[in-house]
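As the structure lists them, so they are numbered: ligands from 1, and atoms in each ligand from 1.
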Amino acid sequence: MQNLLDFDADALIAWFAERGEKPFRARQILHWIHRFGETDFDAMTDVAKSLRAQLKETACIVPPVPIRDSVSGDGTRKWLMDVGNGNAVETVFIPETKRGTLCVSSQAGCALDCAFCSTGKQGFNRNLSAAEIIGQLWLANRLLGATADGERIISNVVMMGMGEPLANFDNVVSALKLMLDDHAYGLSRRRVTVSTSGIVPAIDRLRDECPVALAVSLHAPNDELRNRLVPINQKYPLKDLLSACRRYLDRAPRDFVTFEYIMLEGVNDRDEHLRQLIDIAHKVPCKYNLIPFNPFPNSGFRRSSAPTVRRFAQLLNEAGIVTTTRKTRGDDVDAACGQLAGQVKDRTRRTQAHVMTITKEKAQ
Ligand code: SAH
Ligand code: SF4
């Protein structure tokens, strides 16, 4: 059985064409699945009965299954989604006054092993399918009570959950295309963000195939330190990463890249780092997003003090670089930075508590 959640518009049109069906039929089905949240072909009343019968034989619409659903006092909502074989990933909805952001996972675990990241410490299990990625948005819409023409509850999507989205390129891009498609979720490119640790060739591919807002996990302003904190830097050093960011901006929906910067006491929060961050901002139009580190057992790092974070934000802003600091949300349901506990059964390594960042950005 083919899960139709795996298809973006082009793939669904191609699949329909193989069965002698016209493109508009595919778009109709896309609309039913993603706009109306329908999983029952019989309910798709404007689709010919014969086609419905054929679809029932060969296809299905199967979203991921939530195995836990928690709501925080501040409205943050967290779902644990079963992705089979004892693995689960998290999806978090963060409501704010003027927007609602869904934080979506792309992999069960992550192979890139950044020093400060508990997802990385869990090891890598597998890529999520396109259905499992877009299925997080499909399901959150349903569970939040979205209607096809009602007010939009989820206005922004950030690929900042578990995993490195650009290491699961094809499935992530299929899901991104559905997020943007008017027959599906119709989000603007500016409101869909991919966060990457810096896989340079994949940043170029994303620019060519599906440019959306880009966030880069910088975390260190020089190669020596970044090689240690974000090991993918050994393969794609800062110079190459910054060039890729500049190339990306030629086609990006926004005219800046967001650099995420986890503040680690005594590691990347000294004055020399501040100066290097200012130099980088002269090379690439960017905004900084400072993230107070959330510790986990045996991480070996401590969070920079609040005055240090404030000082960094203030001095960067004074240097003319827009800088925000993330605020923790949902900590009473373990949905805050460093508190989410996904489940990854790694074949090679033992699991530690999973850390994921669920936050609110706030200008300082
Ligand atoms: N793999 C992608 C996206 C997932 S990580 C990336 O690295 O960009 C999402 C964000 O959570 C990243 O900015 C990451 O640096 C941050 N993060 C990871 N561990 C953290 C921790 N212990 N405390 C705070 N933020 C963390
Ligand atoms: Fe993977 Fe991102 Fe964590 Fe690095 S920070 S290990 S790339 S999820």
Report task. For the residue pair T196 and E164, confirm or rule out a side-chain donor-acceptor distance under 3.5 Å. Result -> yes
Query raised in the report: What atoms in ligand 2 come closer than 4.0 Å to a heavy atom of D113?
Result: 6 (S)
Query - Nearest neighbour in protein (non-hydrogen) for atom 2 (Fe) of ligand 2 - result: G163 O, 4.5 Å
Query raised in the report: Looking at CZ of R126 and CD of Q107, how far apart are the two atoms once the value is rounded to the nearest 0.5 Å?
Result: 10.5 Å
Query raised in the report: Do L218 and L238 come close enough that some side-chain heavy atom pair is under 4.5 Å?
Result: yes
Query raised in the report: Under 2.8 Å from atom 3 (Fe) of ligand 2, is there an N/O/S atom belonging to C117?
Result: yes
Query raised in the report: With only distance considered, is S217 within less than 3.5 Å of ligand 1 through an N or O on each side?
Result: yes
Query raised in the report: Has ligand 1 got any nitrogen or oxygen that is less than 3.5 angstrom from a nitrogen or oxygen of F116?
Result: yes
Query raised in the report: By number and element, which atoms of ligand 2 are closer than 4.0 Å to a non-hydrogen atom of S197?
Result: 7 (S)
Query raised in the report: Counting only heavy atoms, which portion of I232 has something under 4.0 Å from ligand 2: side chain, backbone, both, or neither?
Result: neither
Report task. Tell me yes or no: between the side chains of E260 and S195, is some donor less than 3.5 Å from an acceptor? Result -> yes
Query raised in the report: Side-chain contact, heavy-atom cut-off 4.5 Å: L51 with F41?
Result: no
Query raised in the report: ligand 1 versus E164, non-hydrogen atoms closer than 4.0 Å: side chain, backbone, both, neither?
Result: both
Query - The one among S195, G161, C117 that brings a heavy atom closest to atom 4 (C) of ligand 1 - result: G161
**Report entry** Any donor-acceptor N or O pair under 3.5 Å, side chains N168, N171
**Finding:** yes
Query raised in the report: Relative to ligand 1, is I262 under 4.0 angstrom through side chain, backbone, both or neither, heavy atoms considered?
Result: side chain
Requested in this report: Name the closest protein heavy atom to atom 1 (Fe) of ligand 2, giving the residue it belongs to and the distance to 0.1 Å.
Outcome: C110 SG, 2.3 Å
Report summary line: If we number the atoms of ligand 2 from 1 as shown, the ones under 4.0 Å from a heavy atom of G120 are 6 (S)
Query raised in the report: Can you tell me if G163 has a non-hydrogen atom under 4.0 Å from ligand 1?
Result: yes
**Report entry** Side chain, backbone, both or neither: M162 near ligand 1, heavy atoms under 4.0 Å
**Finding:** neither
Requested in this report: May I ask you to identify the nearest protein heavy atom to atom 6 (S) of ligand 2, giving residue, atom name and distance to one decimal place in Å?
Outcome: C114 N, 3.4 Å
Query raised in the report: Does the cation-pi check pass for R302 over F293, that is, NZ or CZ under 6.0 Å from the six-membered ring centre and within 45° of its axis?
Result: no
